[in-house]
Amino acid sequence: MVKEVIAIVLAGGKGTRLESLTKKIAKPAVSFAAKYRIIDFPLSNCANSGINTVGVLTQYESTILDSYIGNGEKWGLNGVHSLMTTLAPRQTEEGANWYKGTADALAQNIEWIDSQEPENVLILSGDHIYKTTYNDMINLHTESNADVTISVIEVDPSEASRFGIMAVDEKDEIVEFQEKPKVPKSNLASMGIYVFKWKVLRKLLKDDMKNEDSDHDFGKNIIPMMLKKQMKLQAYRFKGYWRDVGTLASLHQANMDIVSDDGQLRLYDNDIHTRIYTEDTYSVPQYIGKRGSVKNSIVNQGGIILGKVDSCVVSNEALINTDAECTRCVIMSGAVIGKRAKVKNAIIAPNAVVMDDAQINLEGDKIILISSSKAVKEL
């Protein structure tokens, strides 16, 4: 049965800029907002969009991510008429190959995609934080009869050189693409979200596989090839919150956006159409002691607050001891903040320990990572 659209989530990245947080797990499996993992966002967005076939391409340290994804039950994608599966590099008659790039990852799974008989393929990144449904983008793609539709967002011109930048005409058709340009011609940045006609993309992938000089990447190779062939590339203007959490600073800021007064990223509303789904940790209730205080923060179940917490995200089983003070911190599962310790602008990794009386980063604006499972006195 032909399907209008299936989704492919690219979740194989190593995430080296997150340092020790991704030493043993893939970036999409990293904790976020006390309760979630990063990959919950694109998978929940798919479920909320009614997309019932999702393939997740994994590679680096995929064991925990594979186990977490399972059969898709968390996102309601394990039914009779729905399917979620992980797709890792595998050995074939031609040999064993790691995914060489984003386009190569899809090329190695052409047979699986063919078996789903899609008209269109929605391609997503597994490491972006945003809440949406993809229906309007898919409708625009269909109505405009585009070969590919690319979701774009306006960024600060000073940051445009970090992204793939699109130039568009009066119909928002893409006429030029620049990959991380030194002198950007616009501030319309690619979000790494694409809807392709499958027949078109399939041929492009086949051609790209034959090119030994290619990086096998969508931004570097596939999109420029489409422009060269004068295919129709449509821009879809995304409105709302979106953040690439590829660095410690961006991961920290995205967590802070949840607890900010302006509510840029609202995870605690009851809009069933954009709800983010995740795994329940089945922890004990959170506890706030008589000398504990919590301000502008999120505290997940199992968190114990005996000190002061201001503008923090506190995960399950984290402990903030008596008279400790944490400000603008992301405190991950099982972390312990010692008695009278003071910590500011930090990410405290799972099970890390800050010693009693430690004073860390109190004057610094730079985001630091506390990752050791041993006691930390000074950084």
Side-chain angles (χ1 to χ4, degrees), residues 7-17 26-28 42 55 57-60 87 89 97-110 113 120-128 141 146-155 157 159-168 173-236 238 242-247 250:
I8 299 291
V9 182
L10 302 172
K14 192 172 182 179
T16 54
R17 293 180 297 171
K27 180 164 60 170
L57 275 55
T58 62
Q59 181 160 274
Y60 172 76
L87 301 165
N97 294 302
W98 288 110
Y99 295 145
K100 301 180 184 71
T102 52
D104 180 67
L106 264 79
Q108 289 195 40
N109 289 284
I110 282 177
I113 298 173
N120 302 292
V121 176
L122 171 67
I123 300 172
L124 308 169
S125 172
D127 53 12
H128 294 163
H141 175 73
D147 294 303
V148 63
T149 300
I150 303 174
S151 188
V152 298
I153 191 168
E154 294 184 10
V155 298
E159 297 186 357
S161 59
R162 295 176 46 225
F163 300 92
I165 296 297
M166 309 289 175
V168 299
E173 291 184 19
I174 298 166
V175 295
E176 189 173 353
F177 174 78
Q178 299 174 287
E179 178 68 10
K180 299 181 180 178
K182 291 183 179 180
V183 183
K185 294 185 178 180
S186 82
N187 69 333
L188 283 181
S190 170
M191 298 169 62
I193 301 173
Y194 312 94
V195 183
F196 281 92
K197 288 181 179 177
W198 172 234
K199 289 181 179 179
V200 171
L201 178 57
R202 191 183 193 281
K203 186 177 187 311
L204 290 167
L205 293 174
K206 288 284 190 179
D207 291 343
D208 182 68
M209 290 171 68
K210 298 173 186 175
N211 183 359
E212 295 181 357
D213 296 325
S214 174
D215 291 309
H216 309 296
D217 181 82
F218 281 104
K220 294 179 181 178
N221 306 109
I222 300 298
I223 301 305
M225 186 190 307
M226 296 182 77
L227 285 169
K228 187 176 180 180
K229 291 177 178 288
Q230 296 185 326
M231 294 182 172
K232 185 170 183 178
L233 290 78
Q234 180 70 46
Y236 170 78
F238 179 83
W242 174 86
R243 188 176 288 275
D244 181 341
V245 288
T247 65
S250 61

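Counting from 1, the numbers follow the sequence of the chain as shown.
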### Query
Does the side-chain contact (heavy atoms from CB on, under 4.5 Å) test come out yes or no for Leu87 and Gln108, once each step is laid out?
CA-CA 10 Å; Leu87 301 165; Gln108 289 195 40; over 6 Å; no
### Message
Please give me the minimum heavy-atom distance between Ser214 and Asp208, naming the atom from each residue.
### Response
OG-OD1, 2.6 Å
## Note on the structure
With sequence neighbours left out, the residues meeting side chain to side chain contact (heavy atoms under 4.5 Å, CB included) with Thr58 are Val56, Ser62, Leu65, Asp66, Thr86, Ala88
### Query
Shortest non-hydrogen contact from Pro28 to Gly126?
CB-O, 3.3 Å
### Task
Would you name the heavy atoms of Pro184 and Ile165 that are closest together and state the gap between them?
CB-CG1, 4.4 Å
### Matching residue for Asn187 among Met166, Glu154, Glu159 - test: side-chain contact (heavy atoms from CB on, under 4.5 Å)
Glu154
### Atom of Val168, atom of Ala235 and distance for their closest heavy-atom approach
CG1-CB, 3.9 Å
### Message
Tell me whether Lys220 at atom NZ has more than 12 heavy atoms from other residues, nucleotides or ligands lying less than 6.0 Å away.
### Response
no
### Message
If I take atom CG from residue Asp147 and atom CD from residue Gln230, how far apart are they, to the nearest 0.5 angstrom?
### Response
12.0 Å
## Note on the structure
Those residues at least two apart in sequence (or on a different chain) that pass side chain to side chain contact (heavy atoms under 4.5 Å, CB included) with Gln234 are Leu140, Ser144, Ala146, Thr149, Asp172, Glu173, Lys232
### Message
Minimum heavy-atom separation for Ala160 and Val155, please, with both atom names.
### Response
CA-CG2, 4.0 Å
#### Entry: Option passing side-chain contact (heavy atoms from CB on, under 4.5 Å) with Phe218 (candidates Asp215, Ile222, Asn221)
Ile222
### Query
Tell me, do Val121 and Ile8 make a side-chain contact under 4.5 Å, heavy atoms counted?
yes
### Results of side chain to side chain contact (heavy atoms under 4.5 Å, CB included) for Met209 - residues two or more places apart only
Ala107
### Message
Does any part of the side chain of Asn109, heavy atoms only, come nearer than 4.5 Å to the side chain of Tyr99, both counted from C-beta?
### Response
yes
### Query
Can you tell if the side chain of Leu106 reaches within under 4.5 Å of the side chain of Leu10, non-hydrogen atoms only?
yes
#### Entry: pair Ile123-Thr102: side-chain heavy atoms closer than 4.5 Å
no
### Query
Going from CG on Leu233 to CZ on Phe196, what distance comes out if it is rounded to the nearest 0.5 angstrom?
7.5 Å
### Query
If you look only at pairs with a residue in residues 191-200, which of them pass as a side-chain hydrogen bond (donor to acceptor under 3.5 Å, both in side chains), with sequence neighbours excluded?
Asp114-Trp198, Asn145-Lys197
### Message
Using only atom types and a distance under 3.5 Å, with no angle test, would you say the side chain of Ser250 pairs donor to acceptor with the backbone of Asp244?
### Response
yes
### Query
Taking C-beta and beyond as the side chain, do Leu204 and Met231 meet within less than 4.5 Å on heavy atoms?
yes
### Query
Can you find a pair of side-chain heavy atoms, one from Ile223 and one from Ile150, that are under 4.5 Å apart?
yes
### Summary
Residues Thr247 and Arg17: closest non-hydrogen pair is CG2-NH1, 3.5 Å
### Query
Can you list the residues that meet the salt bridge (Lys or Arg N to Asp or Glu O under 4.0 Å) rule with Asp207, with sequence neighbours excluded?
Lys203
#### Entry: Ile110 side chain reached by Lys206 side chain, heavy atoms, under 4.5 Å
yes
### Message
Suppose the criterion is side-chain hydrogen bond (donor to acceptor under 3.5 Å, both in side chains): which pairs have a residue in residues 176-185, not counting sequence neighbours?
### Response
Glu176-Lys185
### Message
Does the plane of the ring in Phe163 sit parallel, tilted or perpendicular to the ring in Trp242? Use 30° and 60° as the thresholds.
### Response
tilted
